[in-house]
Amino acid sequence: MTARRTLIAGNWKMNGLSADGVALASGLADKMKAAGAVDFDMLVCPPAGLISKVVDAVAGSGMHVGGQDCHMNEKGAHTGDTSAALLKDLGCSYAIVGHSERRTDHAETDAIVAAKAAAAQAQGLIAVICIGETEAQRDAGQTLDVNGSQIAGSVPEGSTAANTVIAYEPVWAIGTGRTPTSAEVQEVHAFIRGELAKKIGADEAAKTRILYGGSMNPKNAAELLALADVDGGLIGGASLKVDDFWTVAQSA
Ligand code: 13P
């Protein structure tokens, strides 16, 4: 069994202004400092405009900060976008790419997601590459096919366990309070690891962290995080309150 360090990641999405973002980040940083050595990594991904303040608020706590997206190009005429280089410069160590909300709202394809992941990795960031089936795809029995083709298309050349995290987020489980059964989650995660092995080799795939995301909360986190191929969580709603997110982290 390969040891994979659990990653508890909060995706704040488009929530929070300066005061609440800083309060949330400092509240978590205080918990981390009080806990001393922990056996998980904690990551928060605030809206882009809050990154600097959050980086300052978590200084010295061991927490990591990440972006929720980055552009595939290093710089240039891309109004409104954020480069991976700027994320790195602001103090980020991770970047989420290919979240289903970006795939839907911004028509991001697997090829775009792969290019963004490569851009993040080129800056020394860890790319958190999101995949997951819709409810219609699950109902049609296409869950494994969809996740397999997203791994094939969204994971760029040069990906390793050190620069890549996969987040399996069934679209129908996001923000709905519904989750697949534990057996279903484990089945998909094990399948994803197998598909990843075809792409980056069995050794790297065995070391790569695969997070579950979609209505993970203080009540179901312990059961989900105990599954053999679940190496952490990507948490939306429950990452917006210090106590909820900390309880999830404690379940790791
Ligand atoms: P919820 O935890 O709110 O379902 O969101 C999950 C998610 O999309 C994290 O990226």
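Model, not experiment: these values are computed from the prediction. Hydrogens, waters and symmetry mates are skipped; everything else that's a heavy atom, side chains included, is used. One-based numbering, in listed order, for ligands and for the atoms of each.
Under 4.0 angstrom from ligand 1, the non-hydrogen atoms of Asn11 all belong to its side chain.
Taking any N or O of Gly175, backbone or side chain, at least one lies under 3.5 Å from an N or O belonging to ligand 1. Geometrically, ligand 1 and Gly236 share a nitrogen or oxygen pair separated by less than 3.5 Å.
For the 3.5 Å distance criterion, the side chains of Glu195 and Asn147 fail to qualify, holding no donor opposite an acceptor.
Close approach of ligand 1 to Gly237 is summarised as follows: ligand atoms under 4.0 Å from at least one heavy atom of the residue are 1 (P), 2 (O), 3 (O). Annotation for ligand 1: atoms under 4.0 Å from non-hydrogen atoms of Gly214 are 4 (O), 6 (C).
Hydrophobic clustering of Ile, Leu, Val, Met, Phe, Trp and Tyr side chains at less than 4.5 Å, counting indirect connections, unites Met216 with Trp12. Under the 4.5 Å side-chain heavy-atom criterion for Ile, Leu, Val, Met, Phe, Trp and Tyr, Ile210 and Val188 are members of the same hydrophobic cluster.
Selection from Lys13, Glu101, Arg178 by nearest heavy atom to atom 8 (O) of ligand 1 gives Lys13.
Contact analysis puts Ser215 in contact with ligand 1, with a non-hydrogen atom separation below 4.0 angstrom. By the 4.0 Å heavy-atom criterion, Gly213 is excluded from the residues contacting ligand 1.
Ring geometry for Tyr212 versus His189: interplanar angle of 30 to 60°, hence tilted.
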- [ ] I would like to know whether Thr164 and Gln121 meet side-chain hydrogen bond (donor to acceptor under 3.5 Å, both in side chains); could you show each step before the answer?
- [x] CA-CA 8 Å; Thr164 307; Gln121 292 164 347; 2.9 Å; yes
- [ ] Assess whether side-chain hydrogen bond (donor to acceptor under 3.5 Å, both in side chains) is satisfied between Glu74 and Ser83, documenting all intermediate values.
- [x] CA-CA 6 Å; Glu74 221 177 298; Ser83 70; over 6 Å; no
TODO: Kindly indicate, with the supporting measurements, whether the criterion salt bridge (charged side-chain N to carboxylate O under 4.0 Å, His left out) is fulfilled by Lys116 and Asp69.
DONE: CA-CA 8 Å; Lys116 290 182 169 207; Asp69 175 51; 2.8 Å; yes
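The shortest contact between atom 9 (C) of ligand 1 and any protein heavy atom is with Glu169 OE2, 2.9 Å.
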